[in-house]
Amino acid sequence: MKVLVTGGAGYIGSHTVLSLLENNYDVVVYDNLVNSSIESIDRVEKLAGKKVEFVEGDICNKDKLSQVFKQFKIDAVIHFAALKAVGESTQIPLSYYQNNVHGTVCLLEVMQQHKVHNFIFSSSATVYGEENDVPYVETMKLGTPSSPYGASKVMVERVLADLALSDPNFRGVSLRYFNPIGAHESGTIGEDPKGIPNNLLPYVAQVAVGKRDKLGIFGDDYPTKDGTCERDYLHVMDLAQGHVAALDWLNRHSEFSGVEAFNLGTGNGTSVFAIVKAFELAINKEIKFEVSPRRAGDLPAFWANANKANQQLNWQASRTLEKMMEDTWRWQSNNPNGYLA
Ligand SMILES: NC(=O)c1ccc[n+]([C@@H]2O[C@H](COP(=O)([O-])OP(=O)(O)OC[C@H]3O[C@@H](n4cnc5c(N)ncnc54)[C@H](O)[C@@H]3O)[C@@H](O)[C@H]2O)c1
């Protein structure tokens, strides 16, 4: 089975490509490298001992996408390609809607032209917005996220629902990721943010390796156990395997049409302070931090109810917090400058 992976050179994409290869799927990666490096694909090929077809291109370029569908006999698409920085999305919202929403519509149009119906979408816990109680369950109504990034994910889920209503052949899965961290245990692929990291773990790791002075913690006066925000962190390799589980689910359910959402998380919330402590323990070194005021738009705490994915996809996030920290550190200390090193 041949899978087109958009955004496959990125953080989650590269780990998923590895899992796909290990599970005997053939992979074509389509990525414009706006937030990634081709080096990640080379390293994935080495780890898997298998070849990946790579095409550099933008999902908004329908002609180029169409050529890819013509050249390769694609059976399914996993769609990671998106801009993902919440803060940046408030500065340049039009780029986020153009890339994430318009780009997805272009991809779906080209898939329809080429009669490819299997589609897995990188959604996010952010679609639950501020309205829903925790833990989040798939049966909840979609919320209204405060950032253009979050709104772009809600919009795409709406596009998929409408497409499924209009096209009886469409077979979509929305995977709502919680907070992926960690790296492949080889320490050769991992998260390589360009510029100042937006996410907690890459920042902590860069402080540990001496690239940044100290970690800024936004708010310690939230109504949580220790006052800092709580999130549902899961190992990126568990998340990668969630995509293989979703493809297997589509293959098992040949009668299925429509669109189905699954939460991918552990079901547990962990605070920022707890993450810092766990990282310190893993590397046996203190992490300097400073508490500053709360950041607009940050929710106090959320985590997944992952029962649906556990039961229907036969998938579970099994790697421990300790392993997430160790693997992050192996990647960061072996590659202090990411893929440029
Ligand atoms: N990392 C997280 O915490 C998280 C959480 C929830 C959802 N997601 C979603 O998962 C997906 C992957 O996230 P990631 O963390 O791996 O991000 P990433 O930035 O590492 O990967 C995204 C990839 O898409 C590519 N890309 C972006 N725009 C493109 C375009 N127009 N055409 C072709 N390629 C393009 C980038 O070059 C990059 O390789 C994204 O859709 C993101 O919104 C991520």
Side-chain angles (χ1 to χ4, degrees), residues 4-18 28-41 44 54-62 64-65 68 77-86 88-89 92 95-107 110 119-128 136 145 147-157 174-184 189-195 197-203 231-240 242-243 261-265 302 304 324 328 338-339:
L4 177 70
V5 181
T6 73
Y11 171 47
I12 307 170
S14 54
H15 290 79
T16 301
V17 170
L18 178 60
V28 180
V29 168
Y30 186 85
D31 198 307
N32 66 0
L33 303 178
V34 66
N35 195 39
S36 53
S37 158
I38 184 76
E39 174 70 17
S40 66
I41 299 294
V44 164
F54 177 80
V55 180
E56 186 171 344
D58 196 296
I59 48 168
C60 299
N61 185 341
K62 284 170 50 176
K64 192 153 200 181
L65 263 181
V68 171
V77 175
I78 304 183
H79 177 38
F80 293 103
L83 299 176
K84 63 158 184 179
V86 173
E88 184 187 61
S89 77
I92 47 167
S95 302
Y96 273 69
Y97 292 124
Q98 162 73 13
N99 204 67
N100 296 4
V101 183
H102 171 72
T104 304
V105 172
C106 289
L107 173 63
V110 175
F119 186 72
I120 296 179
F121 173 59
S122 293
S123 190
S124 164
T126 190
V127 300
Y128 291 105
Y136 294 151
S147 73
Y149 166 74
S152 77
K153 294 291 177 190
V154 172
M155 287 178 191
V156 170
E157 287 220 13
S174 273
L175 297 179
R176 296 177 181 161
Y177 312 157
F178 281 67
N179 290 68
I181 58 173
H184 186 259
I189 57 170
E191 186 168 11
D192 181 20
K194 292 198 169 149
N198 292 298
N199 291 340
L200 176 62
L201 246 285
Y203 209 110
R231 296 288 180 267
D232 185 340
Y233 296 98
L234 78 160
H235 197 293
V236 67
M237 284 310 299
D238 281 329
L239 183 58
H243 293 77
F262 294 95
N263 288 340
L264 297 184
F302 60 83
M324 298 180 212
T328 301
Y339 289 112

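Numbering of ligands and ligand atoms starts at 1, following listing order. These figures come from a predicted structure and were not determined experimentally.
- The protein atom (non-hydrogen) at minimum distance from atom 36 (C) of ligand 1 is D31 OD1, 3.5 Å.
- Only the backbone of L33 comes within contact range of ligand 1, with a heavy atom under 4.0 Å; no side-chain atom does.
- In terms of polar-atom proximity, S36 is counted as a contact of ligand 1, with an N or O under 3.5 Å from an N or O of the ligand.
- Not a single N or O atom of A81, backbone or side chain, sits closer than 3.5 Å to an N or O atom of ligand 1.
- Between S122 and I12, every side-chain heavy-atom pair lies at or beyond the 4.5 Å cut-off.
- Residue contacts with ligand 1: S123 is placed with no nitrogen or oxygen under 3.5 Å of a nitrogen or oxygen of the ligand (distance criterion only).
- Atoms of ligand 1 found under 4.0 Å from any heavy atom of S124, numbered from 1 in the order shown, are 6 (C), 7 (C).
- Remark: minimum distance from atom 20 (O) of ligand 1 to any protein heavy atom is reached at Y11 N, 2.9 Å.
- Within the 4.5 Å cutoff, the side chain of N263 has heavy atoms near those of the Y128 side chain.
- Side chain to side chain, Y149 and E88 fail the donor-acceptor criterion of an N or O pair below 3.5 Å.
- Shortest contact from atom 10 (O) of ligand 1 to any protein heavy atom: Y177 CE1, 3.3 Å.
- For the pair Y30 and ligand 1, the shortest N or O to N or O distance does not fall below 3.5 Å.
- The aromatic rings of F119 and F121 sit parallel, their planes meeting at an angle under 30°, below the 60° perpendicular limit.
- Put simply, the side chain of N35 reaches to within 4.5 Å of the side chain of K84, judged on heavy atoms.
- Heavy atoms of K153 found under 4.0 angstrom from ligand 1 belong exclusively to the side chain.
- Regarding atom 5 (C) of ligand 1, its nearest protein heavy-atom neighbour is F178 O, 3.9 Å.
- Taking all heavy atoms of E56, R176, R231, K84 into account, the minimum distance to atom 17 (O) of ligand 1 is reached by K84.
- We find the CD-OG distance between E191 and S40 to be 12.5 Å, quoted to the nearest 0.5 Å.
- Evaluated by nearest non-hydrogen atom to atom 24 (O) of ligand 1, the leading choice among G7, G10, P180 is G7.
- Between D58 and ligand 1, at least one N/O pair is under 3.5 Å apart.
- For I12, a nitrogen or oxygen atom sits less than 3.5 Å from a nitrogen or oxygen atom of ligand 1, counting backbone and side chain alike.
- The A82 neighbourhood of ligand 1 comprises atoms 22 (C), 24 (O), 27 (C), 28 (N), 40 (C), 41 (O), with distances under 4.0 Å to a heavy atom of that residue.
- Atoms of ligand 1 lying under 4.0 Å from any heavy atom of S122, numbered from 1 in the order shown and given with element: 9 (C), 10 (O), 11 (C), 41 (O).
- No option in D58, T6, N61 other than D58 meets the side chain to side chain donor-acceptor pair (under 3.5 Å) test with N32.
- If you number the atoms of ligand 1 from 1 as listed, the ones under 4.0 Å from a heavy atom of G57 come out as 32 (N), 33 (C).
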*Please lay out, stage by stage, how H79 and Y30 fare under the test ring pair (Phe, Tyr, Trp, His ring centres under 6.0 Å).*
CA-CA 10 Å; H79 177 38; Y30 186 85; over 10 Å; no
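- Of the options N99, D192, L65, the smallest heavy-atom separation from atom 28 (N) of ligand 1 is shown by N99.
- H15 places a side-chain N or O within donor-acceptor distance of the main-chain N or O of H184, the cut-off being under 3.5 Å.
- Annotation: atom 30 (C) of ligand 1 to nearest protein heavy atom, N32 ND2, 3.2 Å.
- Any N or O atom pair closer than 3.5 Å counts here, and I59 shares at least one such pair with ligand 1.
- Where the criterion is an N or O separation shorter than 3.5 Å, residue side chain and backbone included, V34 meets it with respect to ligand 1.
- At distances below 3.5 Å, at least one donor-acceptor pair connects side-chain atoms of N100 with backbone N or O atoms of L83.
- A cation-pi arrangement is absent between R176 and Y136 under the rule of less than 6.0 angstrom and at most 45 degrees off the ring axis.
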*Pair N179-F302, side-chain contact (heavy atoms from CB on, under 4.5 Å): steps then yes or no*: CA-CA 10 Å; N179 290 68; F302 60 83; 4.1 Å; yes
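- Selection from F121, Y149, Y96 by nearest heavy atom to atom 43 (O) of ligand 1 gives Y149.
- Looking at K153, its side chain never comes within 3.5 Å of a backbone N or O of A125 through a donor-acceptor pair.
- Listed for the D31 side chain is a donor-acceptor partner under 3.5 Å among the backbone atoms of A9.
- No option in V28, V110, L107 other than L107 meets the side-chain contact (heavy atoms from CB on, under 4.5 Å) test with V77.
- Looking only at heavy atoms of the protein, atom 19 (O) of ligand 1 is closest to N35 ND2, 2.7 Å.
- In this structure, the protein non-hydrogen atom closest to atom 40 (C) of ligand 1 is F80 O, 3.1 Å.
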